[in-house]
Amino acid sequence: MKSDTVTKGMQQAPHRSLFHALGMTQEELDRPLVGIVSSYNEIVPGHMNLDKIVDAVKKGVSMAGGTPIVFPAIAVCDGIAMGHIGMKYSLVTRDLIADSTEAMAIAHQFDALVMVPNCDKNVPGLLMAAARINIPTIFVSGGPMMAGHVKGEKRSLSSMFEAVGAYAAGTMTEEDVREFEQKVCPTCGSCSGMYTANSMNCLTEALGMGLPGNGTIPAVYSDRICLAKHAGMRVMELWKKNIRPRDIMTKEAILNALTVDMALGCSTNSMLHLPAIAHEIGMDFEIDFANGISERTPNLCHLAPAGPTYMEDLNEAGGVMAVMNELNKKNLLHTECMTVTGKTVGENIAGCVNRNPEVIRPIDHPYSETGGLAVLKGNLAPDGSVVKRSAVVSEMLVHEGPARVFECEEDAIDAIKGGKIRPGDVVVIRYEGPKGGPGMREMLNPTSAIAGMGLGSSVALITDGRFSGASRGASIGHVSPEAAVGGPIALVEEGDIIRIDIPGLKLTLDVPDEVLEERRAKWQPREPKVTTGYLARYASMVTSGNRGAILEIPKK
């Protein structure tokens, strides 16, 4: 056992004395030591129930002959961090989580790990750590929130943000907003639509790192506790058979996840996290090859914010396994991939029934023949940009209009809510990328303000920042290269015509090349917004959005 390094032999007597200080018996030290990475805290609604999940995992590990030992991972609630300096600290936690988990797991020589995440950066951060540490590992999340109910309709967090925009437009009263405030988030769990947290938990199933149901069983269901016990038991089987994350998270598994992403209509943030996970297994993930997968993968689900269905509906319809079984009818998956069940993808999905064709469209009757995400390129985004096309209204799939340029998110929000944005405009928010932000803030406030002001079918938003999974509309993010490194988005001027062609995968600035070169010659890098602390270190090492905002040591 790996843990023999700290539990066996005379030289390890000092180590054992410290384990005894923890109250451990020799019997416990003779068993495999299983680290349980708990993202529990009392500030994130998706994490407030993780203490119960962790307790269930511990029972499962003990029942199967292991010694469970809990250590923590941090978590940021993107909703609470939204729209202020706190959002600069959201994406950056992904790498803190991966690094700190690596440090804890290797320093203490665990034999296996159970990852217990739930929200946006915890899931990819722990997947990155799992690939890096590469000891037997399984994931079990805290589960999604139930949908809220307001005025007889199901609602979620995106409805709340849009309600604020509607209030600014004068179409909703303060009393209405208060009702939304009290009812849209009725339980613990990751917010109830196909936002980033639920996207990544579903993709954990597709990658083979979570048991069936991990992405969709609601947080408040007792089935979630049973799932956690089974995960604890299952990790011991992975340990006995020495099945490790890199045996599961192969290139083919990453492609499976991207395929499922397209069918589900996941958050654009998955196009930051999948490249980062791929990087950890040594796979070169070029985001534009997502278009090839999207071209052959139909979009089968329109969960909020793209449509009126929620995670609880997807769960009742058969969950991720039912979606994968639909995809397999057209041989779109690598079914030979190993999973934490000890079975292949093909074995896992065999016989998984689609119980609601209104929630999961049959493969021969999709919402669209192409997938939920698209990567756009052109002279405005030579290295790519990302849009959730399944959440774009048909009239905005092709659009052109004058650029309304803003140097930060706050200025854009003031203009939108101040009635200064007109139908047809293309809002450009720059210097919000990984380096320029720093931290690549989510733009849920401006996208929700646009929707709430009744401009969702006539105004586009383009940024080198990113979007919440709760964003909808013609919201194009991850524009690369970003403004802070002199990307073309830094050269856009007020009134320039921007052309968006989502079916044609194009994002074009209608300015002659020679004019752009004149502007480039005059462009000067901006002074960093942050010069101390973690954000400054992050900005010095982070790559552009098209590479997943991974950290690299700067070349000398």
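This one's a predicted model, so the numbers in the text were calculated from it and none came from an experiment. Throughout, residue positions are numbered sequentially from 1 according to the sequence presented.
- Trp239 CH2 to Thr137 OG1: the interatomic distance, rounded to the nearest 0.5 Å, is 14.0 Å.
- Between the side chain of Thr309 and the main chain of His302, a donor-acceptor pair closer than 3.5 Å is present.
- Looking only at distances, no side-chain donor or acceptor of Tyr89 sits under 3.5 Å from a matching main-chain atom of Gly439.
- Atom NZ of Lys8 has more than 12 neighbouring heavy atoms from other residues, nucleotides or ligands inside a 6.0 Å radius.
- Atom CG of Asn122 and atom CG of Leu96 lie 11.0 Å apart (nearest 0.5 Å).
- Across all their heavy atoms, Arg246 and Ile281 have their closest contact at CG-CG2, 4.4 Å.
- Side-chain atoms of Asp247 come within 3.5 Å of backbone N or O of Arg244 as a donor-acceptor pair.
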Open item on the list: Assess the residue pair Ser3 and Phe110 against the criterion (side-chain contact (heavy atoms from CB on, under 4.5 Å)); give the C-alpha distance rounded to whole Å, side-chain angles, the decisive distance to 0.1 Å, and a yes or no.
Closed with: CA-CA 6 Å; Ser3 60; Phe110 287 106; over 6 Å; no
For residues 537-544, which side-chain donor-acceptor pairs fall under 3.5 Å, sequence neighbours excluded?
| unit_1 | atom_1 | unit_2 | atom_2 | d |
| --- | --- | --- | --- | --- |
| Ser540 | OG | Arg537 | O | 2.6 |
| Thr543 | OG1 | Ile550 | N | 3.1 |
| Thr543 | OG1 | Ile550 | O | 3.2 |

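- With Asn256 as reference, His334 is the one residue of Glu205, His334, Lys251 to meet the side chain to side chain contact (heavy atoms under 4.5 Å, CB included) rule.
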- [ ] Please test His149 against Arg155 for side-chain hydrogen bond (donor to acceptor under 3.5 Å, both in side chains), starting from the C-alpha separation and ending with a verdict.
- [x] CA-CA 6 Å; His149 292 264; Arg155 299 288 190 175; over 6 Å; no
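- Contact of the Asn269 side chain with the Glu442 side chain is registered, since non-hydrogen atoms from C-beta on lie closer than 4.5 Å.
- Sequence neighbours left out, the pairs with a member in residues 65-79 that pass salt bridge (charged side-chain N to carboxylate O under 4.0 Å, His left out) are Asp78-Lys121.
- A donor-acceptor pair is defined here as one N or O able to donate and one able to accept, closer than 3.5 Å; such a pair exists between the side chain of Ser141 and the backbone of Asn214.
- Between Cys202 and Met194 the shortest side-chain heavy-atom distance falls below 4.5 Å.
- More than 12 non-hydrogen atoms from other residues, nucleotides or ligands lie less than 6.0 angstrom from CZ of Arg224.
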- [ ] Please assess Arg441 against Met82 for the test side-chain contact (heavy atoms from CB on, under 4.5 Å), listing each intermediate value before the final yes or no.
- [x] CA-CA 8 Å; Arg441 289 194 288 181; Met82 195 71 64; over 6 Å; no
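- Minimum heavy-atom separation, Phe139 to Val123: CE2-O, 4.0 Å.
- Heavy-atom minimum distance, Gly142 versus Leu50: CA-CD2, 3.4 Å.
- The two residues Gln11 and Pro14 make their nearest non-hydrogen contact at O-CD, 3.4 Å.
- Applying the salt bridge (Lys or Arg N to Asp or Glu O under 4.0 Å) criterion to Glu552, with sequence neighbours excluded, gives Arg547.
- For the pair Glu409 and Asn445, the minimum side-chain heavy-atom distance is below 4.5 Å.
- From Lys183, atom NZ reaches atom NZ of Lys154 across 16.0 Å, with rounding to the nearest 0.5 Å.
- When side chains are defined from C-beta on, Met115 counts as touching Thr101, because their heavy atoms get closer than 4.5 Å.
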Listed pairs under 3.5 Å, donor-acceptor, residues 51-67 side chains, sequence neighbours left out:
| unit_1 | atom_1 | unit_2 | atom_2 | d |
| --- | --- | --- | --- | --- |
| Ser62 | OG | Lys58 | O | 3.1 |
| Thr67 | OG1 | Glu28 | O | 2.7 |

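- The backbone N or O of Phe467 lies less than 3.5 Å from no partner atom in the side chain of Ser471, so there is not a single donor-acceptor pair.
- Results of the side chain to side chain contact (heavy atoms under 4.5 Å, CB included) test with Met87 over Met440, Glu432, Arg466 single out Arg466 as the only residue that passes.
- Ionic pairing of Lys435 and Glu482 is not present here: no N-O contact between side-chain nitrogen and carboxylate oxygen is shorter than 4.0 angstrom.
- With a 4.5 Å cut-off on side-chain heavy atoms, Asp313 and Asn356 do not count as touching.
- Residues Ile277 and Met200 have side chains in contact (heavy-atom distance under 4.5 Å, counting atoms from C-beta outward).
- Within the 3.5 Å criterion, the main-chain N or O of Ala263 finds no donor-acceptor partner in the side chain of Thr297.
- The CG atom of Leu332 sits 11.0 Å away from the CE atom of Met324 when rounded to the nearest 0.5 Å.
- Side-chain N or O atoms of Arg472 include none that pairs as donor or acceptor with a backbone N or O of Ala391 at under 3.5 Å.
- Atom CD1 of Ile553 sits in a sparse spot, with 12 or fewer heavy atoms from other residues, nucleotides or ligands closer than 6.0 Å.
- Across all their heavy atoms, Ala253 and Leu207 have their closest contact at O-CD2, 3.6 Å.
- The two residues Asn348 and Thr341 have their closest heavy-atom pair at OD1-OG1, 2.9 Å.
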TODO: May I have the step-by-step check of side-chain contact (heavy atoms from CB on, under 4.5 Å) for Lys2 and Asp4, ending in yes or no?
DONE: CA-CA 5 Å; Lys2 189 179 181 70; Asp4 287 354; over 6 Å; no
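- The main-chain N or O of Ser267 is found under 3.5 Å from a side-chain atom of Ser270 such that the two form a donor-acceptor pair.
- In this structure, Met48 places its CE atom where only 12 or fewer heavy-atom neighbours from other residues, nucleotides or ligands lie under 6.0 Å away.
- Between the CD atom in Glu316 and the CD1 atom in Ile217 there is a gap of 10.0 Å [rounded to 0.5 Å].
- Each salt bridge (charged side-chain N to carboxylate O under 4.0 Å, His left out) pair with one or both residues in residues 329-339, not counting sequence neighbours, appears once here: Glu326-Lys329.
- Checking side-chain atoms of Asn118 against main-chain N and O of Gly46 turns up a donor-acceptor pair under 3.5 Å.
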- [ ] Kindly determine whether Ile360 and Cys301 satisfy side-chain contact (heavy atoms from CB on, under 4.5 Å), including the steps that lead there.
- [x] CA-CA 5 Å; Ile360 304 171; Cys301 299; 4.2 Å; yes
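- The shortest distance between side-chain heavy atoms of Met236 and Pro32 falls below 4.5 Å.
- Counting non-hydrogen atoms of other residues, nucleotides and ligands closer than 6.0 Å to CD1 of Ile43 gives a total of 12 or fewer.
- The line from CG of Leu238 to CD1 of Ile138 is 5.5 Å long, rounded to the nearest 0.5 Å.
- Between the side chain of Ser480 and the backbone N or O of Asn546 there is at least one donor-acceptor pair closer than 3.5 Å.
- Proximity of Cys337 to Thr250: side-chain heavy atoms (C-beta onward) are separated by under 4.5 Å at one or more points.
- A salt bridge (charged side-chain N to carboxylate O under 4.0 Å, His left out) check over residues 132-148, counting only residues at least two apart or in different chains, returns the pairs Asp99-Arg132, Glu102-Arg132, Arg132-Glu280.
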